[in-house]
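To start, the structure under review is shown below, and the notes come after it.
All values derive from a computational prediction rather than experimental measurement. Residue numbering restarts at 1 for every chain, and letters A, B, ... go by the order of the sequence lines.
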Amino acid sequence: MNGRKHLLEPLAQCRSLLQRFKAARSLTNTKLLHARIVVTGLLPTSGSSAAAKVLSNLALAYALCGHAPHAAALFDGLPERSPPLCNALIRMYNLCGRHREALRVFVGMLGPGRCPPDNFTYTFVCKACGELSLLDVGFAVHGKVFAAGFDSDAFVQNALLALYMNCGQMAAARKVFDEMQERTVVSWNTMISGYFKNSYAGEAVMIFKLMMNTGVEPDSATVVSVLPACGNLKELDLGKYVHTIVEEKGLGNKNIAVSNALLDMYAKCGRMDEAEAVIREMDKRDVVTWSAMINGYVLNGDVRKALDNCLLMQFDGVKPNPVTISSLLSACGSSFLLKLGRCLHGWSVRQKLESDLLIETALIDMYAKCKRVDVSFHVLARALQKRTAPWNAILSGCVHNGLAKEAIQAFKHMLIEEVEPNLATVNSLLPAYAILADVQQAMNIHGYVARSGWVINVEIITGLIDVYTKCGHLESAHRLFNDIPRNEKDIVVWSVIIAGYGMHGHGEAAVLLFKEMVHSGVHPNEVTFTSVLHACSHAGLVEEGLDLFNFMLDNNPVTPHFDHYTCIVDLLGRAGRLQEAYDLIKAMPFKPNHAVWGALLGACVIHENVELGEIAAKWLFELEPENTGNYVLLAKIYSALGRWKDAEDIRHMMKKIGLRKAPAHSLV
DNA sequence: GTAGGGTTAG
């Protein structure tokens, strides 16, 4: 009996020590104590409840320290488990990303006579389901929350919001949110970031505005949630307003994420001057700061400045990461900086980052944009994992280079390799079928897309419509178009169908659709105007075209472009109204380009107008001296009018500048 | 011990 008392004392001591270690989350001390307990050899034989408590606390201490192997081993050996211990274990698994194991612990808590989950448990479990996007499990968990009566717990509600947002269930999240009696700042923040993550930036901004109107105090998480949405929507004014909140509350001083979000917002709104002002005020910068800065300059087309910032970053003692590199690679692609792209590729290899998903994808994209799809395929071939993004990059790379057959081949290869296609895959692939313009193949891919259940997506339907119009199958295109609900018809799909009709000479239909679009409340943009004007010029609808052109000039947000002037010059020119076309060119708000003069010259050929033809040709010879077509066209006018001598002179002129590509007979 | 947050992206 005396002996037992002695045994218990060290255990009691252990317990009090464990309390301290748990609080301090000290793994070293926990391990030392564990060793001491093992060495004494008392625990396995004692079997007392005190011993069980020590073991349980030891498991808890390991769980709190994040040491999964020991926590799990001890946990498995326990005859009884308490909710706090289970919770700690679930939390631990969540923290190290092992959400499935977290759920397994939760399942072990269920069942009669087991360990009933409490409100804490549910917050962790929601987190695990959300991270895994397990909607069905999430629903079941929500049911259990109801049954256990935790549905009015503010923490659990917030966790449910996050769960639904992570599963893309905005409506379900909204329902929980609307029914909450007590919304904390976390609830609002979860809604804002949730909407944005599900690409509903507009809704995110709306919730933020509602939050401000409700008088809820925003915190740093609020601003970092709403700022990306401001940047995405280019809502500079709202972004600036958020900036004033940050200044008033001093949120930027203690939190680098806030300044980074501000900087990024300005960069996305094209205000690098403001972004520079933000970075100047920061007393510490991290890799996110510099990446946002570099990416900002890349987005705004200033590669020079992006590279300068890359240097500044290194002077600042910050090392680039895959995000930084992928921004720079994207700049290389859009500016055809193959040499620099290769250097970055080399750097990635040396840093052992070449198989990083971002870098791998960016490399494939960069080489393709630099017209080296062969190297893109090389990069892809070295990739081992079955990841979708690099394959998508190769598909769009092929399409970008007009390699439609190769894109389709690559897609088939992708399916054979069991790489999971996603929406972006289909979006990248469809233009290949538009290039091929083969109805049979179009119907095949349409069938595939339909079977895969992707025809609910407007973007995909738009792609299919484009394919059918390019194949000349306007009925199929229109059928797809009609099936889109009225409020989901966006500017892109309208532009595509209008262009489709225009392309095949159905000018009236195109104009009608255009009017229908405006009537439905969708505002035309530069692209839509190009499509409809093009349709008019192809179908010879002079008055309609001019009306629309004037409508566009009155339509403030749309600024006329070269394309629009080219269409109108073409339109007037074909109709024989050459002087008007020339007058329009002279009245253009910017220097006419080769396309505009080309349209006039083309019209002059049709109507055999030498005076204006010579003027147009003179400009064209200056703008694109290498283009043999222009010489040929002018010579054609001379020949048509029997001015053989002048035609001959043009031929000499071509010879003199070394242009031999045009066959001699085309000059007469 | 609970929930929300910054740079990329086909």
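The aromatic ring of Trp391(A) does not stack onto the base of dG10(B), failing the criterion of a centre distance under 5.5 Å from the six-membered base ring together with planes under 30° apart.
When rounded to the nearest whole Å, the span between OH of Tyr297(A) and C1' of dT8(B) equals 19 Å. Whole-Å rounding puts the Tyr93(A) OH to dT2(B) P distance at 19 Å. When the P atom of dA3(B) is taken as reference, atom CH2 of Trp188(A) falls 21 Å away, rounded to whole Å. Rounded to an integer number of Å, the gap from Leu363(A) CG to dA9(B) P is 13 Å. For the pair Glu459(A) CD and dG10(B) C1', the interatomic distance rounds to 11 Å; values are reported in whole Å. Atom CG of Asn158(A) and atom P of dG5(B) are 12 Å apart (whole Å). Distance, Leu64(A) CG to dT2(B) P: 10 Å, rounded to whole Å. Between the C1' atom of dG5(B) and the CG atom of Asn166(A) lies a distance of 13 Å, rounded to the nearest Å.
For residues 188-221 of chain A, the pairs satisfying ring pair (Phe, Tyr, Trp, His ring centres under 6.0 Å) are Phe177(A)-Trp188(A), with sequence neighbours left out. Evaluation of the salt bridge (Lys or Arg N to Asp or Glu O under 4.0 Å) test over residues 310-329 of chain A, restricted to residues two or more places apart or in two chains, returns Arg285(A)-Asp316(A). Sorted by first and then second residue, the ring pair (Phe, Tyr, Trp, His ring centres under 6.0 Å) pairs with a member in residues 367-390 of chain A read His345(A)-Tyr367(A); sequence neighbours excluded. Listed by first then second residue, pairs satisfying salt bridge (Lys or Arg N to Asp or Glu O under 4.0 Å) with a partner in residues 353-366 of chain A read Glu354(A)-Arg382(A), Glu360(A)-Arg387(A), Asp365(A)-Lys369(A), not counting sequence neighbours. Screening residues 182-198 of chain A for salt bridge (Lys or Arg N to Asp or Glu O under 4.0 Å), with sequence neighbours left out, gives no hits. Residue pairs meeting the ring pair (Phe, Tyr, Trp, His ring centres under 6.0 Å) criterion with at least one partner in residues 250-282 of chain A, sequence neighbours excluded, are His243(A)-Tyr266(A). A side-chain hydrogen bond (donor to acceptor under 3.5 Å, both in side chains) check over residues 293-302 of chain A, counting only residues at least two apart or in different chains, returns the pairs Glu276(A)-Tyr297(A), Asn295(A)-Ser327(A).
If you check dA3(B), dG10(B), dA9(B) against the side chain of Val186(A), the one that comes closest is dA3(B). When distances are taken from the side chain of Phe155(A) to each of dG10(B), dT2(B), dG5(B), the shortest belongs to dT2(B). Considering only side-chain atoms of Ser225(A), the nucleotide from dT8(B), dG5(B), dG10(B) that sits closest is dG5(B). Which of dG10(B), dG1(B), dA9(B) sits closest to the side chain of Asn392(A) comes down to dG10(B). Picking from dG10(B), dT8(B), dG1(B) the nucleotide with the shortest atom distance to the side chain of Ser327(A) gives dT8(B). Side chain of Phe124(A), nearest nucleotide from dG5(B), dA3(B), dT8(B): dA3(B). Nearest nucleotide to the Ser193(A) side chain, out of dA9(B), dG5(B), dA3(B): dG5(B). Picking from dG5(B), dG10(B), dA3(B) the nucleotide with the shortest atom distance to the side chain of Ala159(A) gives dA3(B).
The residue Thr190(A) sits close only to the backbone: its heavy atoms come under 4.0 Å of sugar-phosphate atoms, none of a base. Within 4.0 Å of Ile256(A), counting heavy atoms only, lies at least one base atom of the nucleic acid. Across all strands shown, Asp153(A) has no heavy atoms under 4.0 Å from either base or sugar-phosphate atoms. Across all strands shown, Asn87(A) has heavy atoms under 4.0 Å from base atoms, whether or not it also approaches the sugar-phosphate.
Under the side chain to side chain donor-acceptor pair (under 3.5 Å) criterion, Asn401(A) pairs with no residue, sequence neighbours left out.
Within residues 267-295 of chain A, the residues that place at least one heavy atom under 4.0 Å from DNA chain B are, in residue-number order, Lys268(A), Asp286(A), Val288(A), Ser291(A), Asn295(A). Within residues 227-234 of chain A, no residue has a heavy atom under 4.0 Å from DNA chain B. For DNA chain B, the residues of residues 212-224 of chain A within the heavy-atom distance limit of 4.0 Å (strictly under) are Asp219(A), Ser220(A), Ala221(A), Val224(A), sorted by number.
Relative ring orientation between His67(A) and Tyr62(A) is described as tilted, the plane-to-plane angle lying within the 30° to 60° band. Between Tyr164(A) and His142(A), the ring-plane angle classifies as tilted under the 30° and 60° cut-offs.
Here the shortest heavy-atom pairing between Cys86(A) and Val105(A) reads O-CG1, 4.0 Å.
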Donor-acceptor pairs under 3.5 angstrom involving side-chain atoms of residues 115-132 of chain A: please list them, not counting sequence neighbours.
unit_1: Asp118(A); atom_1: OD1; unit_2: Asn87(A); atom_2: ND2; d: 3.0
unit_1: Asp118(A); atom_1: OD1; unit_2: Phe120(A); atom_2: N; d: 3.1
unit_1: Asp118(A); atom_1: OD1; unit_2: Thr121(A); atom_2: N; d: 2.9
unit_1: Asp118(A); atom_1: OD1; unit_2: Thr121(A); atom_2: OG1; d: 2.7
unit_1: Asp118(A); atom_1: OD2; unit_2: Asn87(A); atom_2: ND2; d: 3.4
unit_1: Asn119(A); atom_1: ND2; unit_2: Asp153(A); atom_2: OD2; d: 3.1
unit_1: Thr121(A); atom_1: OG1; unit_2: Asn87(A); atom_2: OD1; d: 2.7
unit_1: Thr121(A); atom_1: OG1; unit_2: Asp118(A); atom_2: N; d: 2.9
unit_1: Thr121(A); atom_1: OG1; unit_2: Asp118(A); atom_2: O; d: 3.3
unit_1: Thr123(A); atom_1: OG1; unit_2: Phe120(A); atom_2: O; d: 2.6
unit_1: Lys127(A); atom_1: NZ; unit_2: Glu131(A); atom_2: OE2; d: 3.2

Would you check, one step at a time, whether the test ring pair (Phe, Tyr, Trp, His ring centres under 6.0 Å) holds for Phe411(A) with Tyr448(A)? CA-CA 12 Å; Phe411(A) 176 64; Tyr448(A) 169 81; 5.5 Å; yes

